[in-house]
Every structure is written in C-alpha cells, then in structure tokens.
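As the structure lists them, so they are numbered: ligands from 1, and atoms in each ligand from 1. Just so you know, these numbers come straight off a predicted model, no measurement behind them.
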Amino acid sequence: MLMKIRVINGPNINMLGIREPGIYGKETYDYLLKMIEDYAKEKNVEVDFFQSNHEGFIVDNIQEAYGKIDGIVINPAAYTHTSVAILDALKSVGIPTVEVHISDVSQREDFRQISYVSKVAIKTIMGQGLKGYLMAIDELIDYESKNK
Ligand code: DQA
C-alpha cells in the first residue's frame, strides 16, 4: 500500500500569490497543490489536502486523519504561534508530522518566535519558500522507511 500523506494549511495560505508576495511569493495556492501533487506522484506516495481559516476545523481534520494517514505536513500559519489545540490534536493522533513555514519565521517579529507545533513535529522546515513542502514530504518518506 502506498504511503498516505496529508498536507494541512492554516489561515490565509489560500491567499498565496495575493498575500504579501514579498514574503510569501507570487505563486498561488492552486500552484502549490499542483506542485505537491506532481512531486507525490514522482515519489509514489498518495497525497491529500486541507486548508482552513478556522482553528477548530483544523483540529477536526487532524482527528479525522487517525488510522487513515501515515504522515502530516502542516503549515499552521498564524495558529503556529497560538494554538495549543492543534498541538494537542497532533499528539492525540500520533501521526508523524513535519512543520513547514514558507518564510523564515526565525528572522521575523517576536510574536512569531513561539511554535506550539514544533513541540511535536519530527522536523521544522522554514524559509525555503514553497519547496519546503516538498522537503517535508521527503522527510516523512525517510522517517517512514526508518520506522516501519
Ligand atoms: C507562515 C508564518 C506565520 O508566522 C504566518 O502567520 C503565516 C505563514 C509561513 O508559512 O511562513 O501565515 O506560517
């Protein structure tokens, strides 16, 4: 059976291409999905996607992944810095998770310096632009091959 990976994006990631292009780039959310889909095909893994601007919907979606999904790539966006609920959901399901940030949050405002999800993520990738999502998929494939 193919490895199943879910890519979860938090608030405002659907605005890629429009939103602060100097920070997040000119490519759209649809472009991101297509790029990840093509990469997943190449790597022979299944991928599905979820994006929400609502914290509770992200919690619901993580819970729904239990028993179905082998790895999660998550960019919790602004909820990175505030959400104990998303951290607890990831802990609840116990699915290996890689955290992604398009921008290099370590070089940004003080309020972005805390990440709750980092406490559970096997790896955090930041400042690599959209390519960071592909690097996250590689991390999960690597992790799965070592921990099966
Ligand atoms: C982000 C960084 C967060 O601080 C911000 O709130 C986002 C996007 C990133 O991908 O660089 O919405 O997670």
Have [X] and [Y] got a donor and an acceptor in their side chains that come within less than 3.5 Å?
{"X": "Ser118", "Y": "Glu99", "answer": "yes"}
{"X": "Glu42", "Y": "Asn44", "answer": "no"}
{"X": "Asp104", "Y": "Ser106", "answer": "yes"}
{"X": "Asp70", "Y": "Tyr143", "answer": "no"}

Exercise. In Å, rounded to the nearest 0.5 Å, how long is the span from CD1 of Ile8 to CD1 of Ile69?
Worked result: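 These two atoms lie 8.5 Å from each other.
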Filter the ligand 1-protein atom pairs down to N or O on both sides and distance under 3.5 Å, then list them.
unit_1   : atom_1 : unit_2 : atom_2 : d
ligand 1 : 4 (O)  : His81  : NE2    : 2.7
ligand 1 : 4 (O)  : Arg112 : NH1    : 2.8
ligand 1 : 6 (O)  : Ala78  : N      : 3.2
ligand 1 : 6 (O)  : Arg112 : NH1    : 3.1
ligand 1 : 10 (O) : Asn75  : ND2    : 2.8
ligand 1 : 10 (O) : Ile102 : N      : 2.8
ligand 1 : 11 (O) : Ile102 : N      : 3.2
ligand 1 : 11 (O) : Ser103 : N      : 2.9
ligand 1 : 11 (O) : Ser103 : OG     : 2.6
ligand 1 : 12 (O) : Arg19  : NH1    : 3.2
ligand 1 : 12 (O) : Arg19  : NH2    : 2.8
ligand 1 : 13 (O) : Asn75  : OD1    : 2.8
ligand 1 : 13 (O) : His101 : ND1    : 2.8

Problem set entry | Reference residue Val98; test side-chain contact (heavy atoms from CB on, under 4.5 Å); the match among Ile137, Ile122, Asn75, Asp138 |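 One option only clears the test, and that one is Ile122.
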